[in-house]
Amino acid sequence: MKKIPIILSALFLLLVLIAVGFWLFKSPAPQKTPQQSVNFPTSTSTPGTASTSAQNSFFNNPNVKEDPNNPGYYYVGYQPVGESENETAPYLIKYIESTKYFVIGLLQEPIGENRIKAEKYLMQLLGANKEQMCTLNYAVYASNSVSSQYTGMNLGFSFCPNAVLLPS
């Protein structure tokens, strides 16, 4: 049972390394939607601003837990440790506080359906609409073991410009 957190952590680290590799070696392309720091949107915050209470709400949410092995990294939703370690997670969301970056790993087929589940979960947790979600710093990946066709590609959120169309 202790192998599951190690495997999930290794998978996540692999996804991060792939993302960094692509980021470092890709040529800059014009973006239709500018990326911004996560603004922890709430119904009382204005777009582009960070509310301290919204940030505290995010970090105090029982579904947001700091990675015990990586300070400043937070698991959002499914946790590879604790009560949910016996569950087979369809996706894993990690938030990196220093860069205000979300990394979403799709861990099971059908990746289209699981991407939508992850989007809806994160949207609800942040209290964000689709437009706000597209302005987050984020990446959505599937590992080679899940889908060799989409490995190494930032799939994006399904509703954002330049998102990769996936089968459901």
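This structure is a prediction, so every number in the text was calculated from the model and none was measured.
Minimum interatomic distance between E66 and G72 (heavy atoms only, all atoms of both residues): OE2-N, 2.7 Å. Considering all non-hydrogen atoms of both residues, L92 and Y78 come closest at CD1-O, 3.4 Å. In terms of heavy-atom proximity, T99 sits nearest to N137 at O-ND2, 3.9 Å. Across every non-hydrogen atom of K130 and M123, the tightest pair is CG-CE, 3.9 Å. Closest heavy-atom contact between N114 and P90: OD1-CB, 3.2 Å.
Listed for the E109 side chain is no donor-acceptor partner under 3.5 Å among the backbone atoms of S147. Side chain of N63 to backbone of V76: no donor-acceptor contact under 3.5 angstrom is found. No donor-acceptor pair closer than 3.5 Å links the side chain of E97 to the backbone N or O of Y95. Using a distance-only test at 3.5 Å, with no hydrogens or angles considered, no donor-acceptor pair links the side chain of R115 to the main chain of Y141. A distance-only check finds a donor-acceptor pair linking the side chain of N129 to the backbone of Q132 [under 3.5 Å]. The backbone N or O of Y91 sits nowhere less than 3.5 Å from a side-chain atom of Q108 that would complete a donor-acceptor pair. With Q124 contributing its side chain and Y121 its backbone, the two residues share no donor-acceptor pair below 3.5 Å.
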(request) Start with the C-alpha gap between Y73 and K94, add the side-chain angles, then the distance that decides, and say whether side-chain hydrogen bond (donor to acceptor under 3.5 Å, both in side chains) holds. (result) CA-CA 7 Å; Y73 287 60; K94 202 154 195 184; over 6 Å; no

(request) Under the side-chain contact (heavy atoms from CB on, under 4.5 Å) rule, what do S158 and I116 come out as? Steps first, then yes or no, please. (result) CA-CA 7 Å; S158 62; I116 290 170; 4.2 Å; yes

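Taking 4.5 Å as the limit, some side-chain heavy atom of L122 sits within range of a side-chain heavy atom of F157. The shortest distance between side-chain heavy atoms of C134 and P161 falls below 4.5 Å. Counting heavy atoms from C-beta on, the side chains of Y75 and V64 never come closer than 4.5 Å. When side chains are defined from C-beta on, L136 counts as touching L126, because their heavy atoms get closer than 4.5 Å.
The CD atom of Q149 sits 7.5 Å away from the CD1 atom of I111 when rounded to the nearest 0.5 Å. Rounding to the nearest 0.5 Å gives a distance of 13.0 Å between OH of Y74 and NZ of K65.
Checked against I104 for a side chain to side chain contact (heavy atoms under 4.5 Å, CB included), the options L155, I93, N154 give a single hit: I93.
In this structure, Y138 has its ring center no closer than 6.0 Å to that of Y101.
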